[in-house]
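The next block holds one structure in the form of structure tokens; read it before the comments.
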Amino acid sequence: MMSAATIAGRVRAGELDPVSVTRGALKRLEERDPNIHAYLDADADAALERAEQVAEDAARGDDPGRLAGVPISLKDNIAVKGRALTAGSRILQDYHAPYHSTVVRRLLAEGAVLLGRTNLDEFAMGSSTENSAYAATTNPWDERRVPGGSSGGSAAAVAAGIVPVALGSDTGGSIRQPAALCGVTGFKPTYGSVSRHGLVAFGSSLEQIGPLAAHAEDAALVYDVIAGHDPLDPTTTPAERPSAYKTSASVEGLRVAVPEELLDETVEPRVLERVAAAIDLLGDAGAITKVVPKGRLAHVRLAVPAYYLISACEASSNLARYDGMRFGPRLEQDDLLGTYQRTRGSLFGTEVKRRILLGTFALSAGHHDAWYRKALEVRRLIADEFRALLQEFDLIAGPTSPSGAFPLGEKEDEPWAMYQCDALTAPACLAGLPSISLPCGLAKKGPYKGFPVGLQLMGRAHEDHRVLAAARAFEALRGEPERCALYGNEVAS
Ligand code: GLN
């Protein structure tokens with residue numbers, strides 16, 4: 001597929017009509033989405049109207065921007081004014097966003113064409129996109145497998161070659177893990193670099209919005225556009241950010257740690273095999289890679305319990321606002337308490353209720369110190385261990401996910417097994433570090449034979465440009481990736 005950078009370059013040069021680009025994306029969506037259910041809605045008319053507007057701007061001689069005419073899909077927990085915003089939940093059915101999220105304003109200012117709302121696990125809670133109240137998205141590599149989650153719709157839309165870029169959100173792995181399972185690139189920025197104004201909140205101390213893309217350079221381009229201080233999100237930092245797109249793509253001389261804790265026996269051996277080959281490739285290109293013996297990341301094995309406690313506590317507070325009064329449908333009963341109970345009891349899904357119960361319990365008087373505070377202490381230990389390692393090394397490398405794309409339904413009745421999907425991605429969220437997943441080939445044998453494997457690279461806080469530059473260098477080394485294998489390399493128009 002033509003990259004976003006190429007589309008924008010050609011639209012800006014007057015060589016490519018954004019309307020034909022959008023029509024191409026809509027045609028692919030129409031052909032492919034009935035099998036994968038990546039989209040909740042295409043918003044086709046709005047997309048075409050917008051593409052016409054970009055075309056008019058370009059014809060008038062105005063610069064239409066760095067994403068001129070690029071079709072971009074958004075996870076349905078990111079607000080677009082006037083458009084439905086469900087977060088994959090019945091409790092927000094028919095709710096329409098009253099304002100644009102900051103990322104949307106930034107994308108539109110650079111000429112992007114918003115195309116569709118992509119499916120997700122309800123309130124971004126899950127690792128397979130099976131928790132959506134509306135549909136289960138499937139993996140474009142094999143429709144009997146999951147695409148990962150919770151940004152599974154965005155990952156599948158890119159992997160199916162419908163759009164070159166989609167946005168997702170990552171609280172514990174929800175951009176990177178589906179990117180890994182679908183064979184695309186997914187980037188979670190440093191905590192505080194991208195505004196969450198207009199993102200449906202789940203775990204506010206953890207999450208970031210970021211791009212999923214077919215090409216690493218597009219992840220860099222979109223990151224440059226969406227990152228930056230925003231007075232509407234006080235967690236965003238005013239720091240100067242070097243352009244990730246312009247930073248030269250190289251790994252020459254970079255010190256890359258490969259901690260043994262990230263390669264342990266819980267990771268599928270055929271996944272490890274691909275990741276080891278990818279790390280060798282980085283070494284061949286001049287990176288100084290070093291296996292770091294067990295001990296430096298001693299607490300990383302506690303990342304899953306710490307993450308699930310902290311994120312559930314934050315979710316129990318963030319989701320308290322959905323009571324049928326201000327957002328979404330209300331299931332009226334005789335008294336107010338009854339209305340609350342009926343609305344929340346019927347319209348939240350099982351996984352969301354599980355998290356609200358867990359979080360409410362862990363925050364309650366008498367249990368707070370034993371659970372929530374303990375989890376915060378573990379989080380601090382994990383963050384300190386990563387920070388210390390990143391004083392000696394520029395990057396940390398390892399697998400993104402312990403598994404490849406697993407069959408639909410495999411972990412449905414086993415929440416704890418599903419939670420283990422986050423073992424390798426939750427640490428970067430707990431520590432606030434930038435982290436990317438890059439496709440690094442297909443598993444050669446075993447349960448994920450023929451399915452994509454993701455290489456994860458983590459960097460120092462606020463060195464997103466360095467992580468993205470290494471990603472672009474890796475992509476060039478790896479050669480034409482096996483991504484989008486189903487649909488070949490057709491152009492976007
Ligand atoms: N799988 C994790 C969860 O269910 C991560 C979700 C996310 O990053 N939004 O909480």
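All ligand and atom numbering here is 1-based and tracks the order in the structure.
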Please identify each residue that fulfils side-chain hydrogen bond (donor to acceptor under 3.5 Å, both in side chains) with Arg460, with sequence neighbours left out.
Asp394, Glu463
If you define the side chain from C-beta out and look only at heavy atoms, does anything of Phe474 sit under 4.5 Å from Leu282?
yes
Distance-minimising heavy-atom pair for Ser174 and Ser169
CB-O, 3.0 Å
When you check ligand 1 against the protein, what N or O pairs turn up below 3.5 Å? List the atom names and distances, or just say none.
from: ligand 1; atom 1: 1 (N); to: Gly126; atom 2: O; distance (Å): 3.0
from: ligand 1; atom 1: 1 (N); to: Ser127; atom 2: OG; distance (Å): 2.8
from: ligand 1; atom 1: 1 (N); to: Asp422; atom 2: OD1; distance (Å): 3.0
from: ligand 1; atom 1: 1 (N); to: Asp422; atom 2: OD2; distance (Å): 3.0
from: ligand 1; atom 1: 4 (O); to: Gly126; atom 2: N; distance (Å): 2.8
from: ligand 1; atom 1: 4 (O); to: Tyr308; atom 2: OH; distance (Å): 3.3
from: ligand 1; atom 1: 4 (O); to: Arg355; atom 2: NH1; distance (Å): 3.4
from: ligand 1; atom 1: 4 (O); to: Arg355; atom 2: NH2; distance (Å): 2.8
from: ligand 1; atom 1: 8 (O); to: Thr171; atom 2: N; distance (Å): 2.7
from: ligand 1; atom 1: 8 (O); to: Gly172; atom 2: N; distance (Å): 2.7
from: ligand 1; atom 1: 8 (O); to: Gly173; atom 2: N; distance (Å): 3.3
from: ligand 1; atom 1: 8 (O); to: Ser174; atom 2: N; distance (Å): 3.0
from: ligand 1; atom 1: 8 (O); to: Ser174; atom 2: OG; distance (Å): 2.7
from: ligand 1; atom 1: 9 (N); to: Ala124; atom 2: O; distance (Å): 2.8
from: ligand 1; atom 1: 9 (N); to: Thr171; atom 2: OG1; distance (Å): 3.1
from: ligand 1; atom 1: 9 (N); to: Ser174; atom 2: OG; distance (Å): 2.8
from: ligand 1; atom 1: 10 (O); to: Tyr307; atom 2: OH; distance (Å): 2.6
from: ligand 1; atom 1: 10 (O); to: Arg355; atom 2: NH1; distance (Å): 2.9

Is the distance from the ring center of Phe327 to that of Tyr322 below 6.0 Å?
yes
Side-chain donor-acceptor pair under 3.5 Å between Asp121 and Ser132, yes or no?
no
Between Lys188 and Asp170, does any NZ, NE, NH1 or NH2 come within less than 4.0 Å of an OD or OE carboxylate oxygen?
no
